[in-house]
Amino acid sequence: MTALTVALTLVAAAVGVLRWRRPAWYWLTFGVTLAVVRVLVRYGSVMDACGLTVPPARWRLALARATNRPIPGPRAPRILRLRPTRTGLVLRLKLRPGQDAFDVAAASDRLRHSFSMYGVTSRELRSGVVEVRMTGYDVLKRVQMPTETDIRPMRVPVALRQDGSVHYRDYRAIPHALTLGATESGKSVYQRNLVAGLAPMDVALVGIDCKQGVELFPLARRFSALADNPDAAADVLDALVIRMERIYQVIRAQQRIAADVPDAEIAADIWDLPADLRPTPVVVLVDEVAELALYANKEEEKRRDRIITALVRLAQLGRAAGIYLEICGQRFGSELGKGITMLRAQLTGRTAHRVNDETSANMAFGDIAPDAVLAAIQIPAEMRGLAIAGDSSGGWHRVRAPHTSLRQAVNICNRHADRTPDLPELAPFRPALSGSADAPLPAAKPSPATA
């Protein structure tokens, strides 16, 4: 008996240490079983206490009275499926008549306490069916991306959401995006994950890094063009506008609008073209947009207007030509001058890391999800990489990108350097590379404006 007591004590102590030091391991070994039992045992009483039940149908009451049976109690949503995951549980519910998906969303916090889970979120799959995702531990404290992700062309897994699912950057669904973040907020790591995810794909990368290239130039082997100052950036953007116009001419020539051509084969963007005629898509990464919008004299003001005009044109017209924008910055506000709010209106995807002022958060989410503004300004300084991600639909999530060092990103870009396409319009801006494949800091060729 004493040996059994000692063994149980040691097991309990091991479980406690595992839950404290390795919550993911604890969840996969003990937590998931305990959570399933807890949900199934408490389900009826919890739904009743949270106000997620409805009175029994009238025919049930009439049948009970006619047969002299007990009056049936309130009815909770029916469980269609209970599926354990590596981070929590997924509960699919069939709502009763009179219930709404908003009722489940409003009760998420009470469900979290009642089922002893770390987090609970819900979303409506279709009419009358709601999916409730529960996380058993803080998945954003130590981000571990799943080994298998749903990678498709122009779709990159960049972060982990608070409900344990993967956050993807899908350029075909959301062509252009805005990413904000103060110094040491994790914005650079998020950008490295983007580049590392795009490196193995058939895509051209164009970088504009006005911090003398310290962020993007180490990754230069995978970039088709790089600019490290506003003058070179203006020339690169003008070259992209020229490329966009030429691609539209190709699409126009290959539209195939004859009467015998099926509707699905009529070309309206580069993805409708045959593979042998399809131009290479381009992703433009702007590391610090405020540096492109600031000016101190008349000449710089003309350059600034030229840059912003080109960015707005690419944002408005570039999607069909396969040109996608990633606008990053520490500060983004209307004080950057005319055209900034017009540019923001074209940036569907929004990601905000920790910001130092409410105005930047408002510029990110004020027009699409006002409740995400408060969440963005409450990100603690010690949680680097934590961000709020949303889009024009109004939905938003807390996400955190896995830490990717600059060395890791450089190695990935060097490994896939052979995929770097040569684009004629951007040939003058191709970075000059040294002979060694391990050299992380290549120099850039001077642009025509600075030569």
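The analysis underlying the following values was restricted to heavy atoms, covering all of them including side chains, and did not include hydrogens, waters or symmetry mates.
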Does atom [atom1] of [X] have more than 12 heavy-atom neighbours, drawn from other residues, nucleotides or ligands, at distances under 6.0 Å?
X	atom1	result
Tyr295	OH	no
Arg304	CZ	yes
Lys338	NZ	no
Arg313	CZ	no
Glu358	CD	no

Enumerate the salt bridge (Lys or Arg N to Asp or Glu O under 4.0 Å) contacts for residues 97-120, please, sequence neighbours excluded, ordered by first and then second residue.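 Passing the test, one end in residues 97-120: Asp109-Arg112.
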Task: Any pair counted as salt bridge (Lys or Arg N to Asp or Glu O under 4.0 Å), so long as it reaches residues 372-390, sequence neighbours left out - done: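 Residue pairs with at least one partner in residues 372-390: Glu184-Arg384.
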Does [Y] offer a backbone N or O that forms a donor-acceptor pair with the side chain of [X] under 3.5 Å?
X	Y	value
His353	Leu180	yes
His176	Tyr324	no
Gln346	Leu343	no
Glu300	Ala296	yes
Asp269	Gly322	no
His397	Ala389	no
Ser224	Pro421	yes
Arg38	Phe115	yes
Gln99	Leu52	yes
Trp396	Thr351	no

### Task
Could you go through the side chain to side chain donor-acceptor pair (under 3.5 Å) check for Thr183 and Gln330 one step at a time?
CA-CA 7 Å; Thr183 303; Gln330 300 181 24; 3.3 Å; yes
Nearest 0.5 Å please: distance from the [atom1] atom of [X] over to the [atom2] atom of [Y].
X	Y	atom1	atom2	answer
Leu82	Ile79	CG	CD1	6.5 Å
Arg419	Met201	CZ	CE	10.0 Å
Leu347	Met363	CG	CE	9.5 Å
Tyr43	Ser114	OH	OG	12.5 Å
Arg331	Ser360	CZ	OG	3.5 Å
His416	Leu198	NE2	CG	11.5 Å

Looking at every heavy atom in both [X] and [Y], which two are closest together, and how far apart are they?
X	Y	answer
Met145	Pro402	CG-CG, 3.6 Å
Val282	Leu423	CG2-CD1, 3.9 Å
Arg344	Arg350	O-NH2, 3.0 Å
Arg92	Leu125	NE-CD1, 3.3 Å
Arg243	Pro279	NH2-CB, 3.9 Å
Val373	Phe365	CG2-CB, 3.9 Å

Derivation of the side-chain contact (heavy atoms from CB on, under 4.5 Å) call for Ile251 and Ile270: CA-CA 7 Å; Ile251 297 173; Ile270 66 169; 4.1 Å; yes
Could you check whether [X] makes a cation-pi contact with [Y], meaning its NZ or CZ is under 6.0 Å from the centre of the six-membered ring and within 45° of the ring axis?
X	Y	answer
Arg86	Trp27	no
Arg155	Tyr168	yes
Arg192	Tyr190	no

Side chains of [X] and [Y]: closer than 4.5 Å at any heavy-atom pair?
X	Y	value
Lys211	Asp287	yes
Ile379	Ile388	yes
Phe332	Val289	yes
Leu292	Cys210	yes
Arg400	Gln162	no
Val410	Ile412	no
Leu216	Leu226	yes
Arg319	Tyr171	no

Test side-chain contact (heavy atoms from CB on, under 4.5 Å) on Val130 and Arg123; report intermediate values, then the result.
CA-CA 6 Å; Val130 174; Arg123 66 187 183 100; over 6 Å; no
Quiz item: Going through the checks in order, is the side-chain contact (heavy atoms from CB on, under 4.5 Å) test met by Val203 and Arg222?
Solution: CA-CA 10 Å; Val203 59; Arg222 188 56 185 86; 4.0 Å; yes
Fill in: Partner residues of Arg83 under the salt bridge (charged side-chain N to carboxylate O under 4.0 Å, His left out) criterion, sequence neighbours left out
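Salt bridge (charged side-chain N to carboxylate O under 4.0 Å, His left out) check on Arg83 returns nothing, list empty.
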* Side-chain ion pair, Arg303 and Glu301, N-O less than 4.0 Å ->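 Between Glu301 and Arg303 there is no salt bridge, as every charged N stays at least 4.0 Å from the carboxylate O atoms.
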Legend entry - Residues Glu326 and Arg169 bridged, charged N to O under 4.0 Å: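 So Glu326 pairs with Arg169 through a salt bridge.
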Using salt bridge (charged side-chain N to carboxylate O under 4.0 Å, His left out), reason through Arg133 and Glu131 one step at a time and then give a plain yes or no. CA-CA 6 Å; Arg133 300 186 69 95; Glu131 183 181 82; 3.8 Å; yes
query: Hey, mind stepping through Arg407 and Asn411 against side chain to side chain donor-acceptor pair (under 3.5 Å) and telling me if it holds?
result: CA-CA 6 Å; Arg407 180 75 262 174; Asn411 292 340; 3.1 Å; yes
Inset, instruction - Dump the intermediate steps for side-chain contact (heavy atoms from CB on, under 4.5 Å) on Val36 and Val39, then the final yes or no. - result: CA-CA 5 Å; Val36 170; Val39 169; over 6 Å; no
Do Asp163 and Thr135 pass the side chain to side chain donor-acceptor pair (under 3.5 Å) test, and can you show the C-alpha distance, the side-chain angles, and the key distance before you say yes or no? CA-CA 6 Å; Asp163 60 2; Thr135 50; over 6 Å; no
Under 6.0 Å between ring centres: does that hold for Tyr137 and Tyr118?
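Tyr137 vs Tyr118: aromatic centres not under 6.0 Å.
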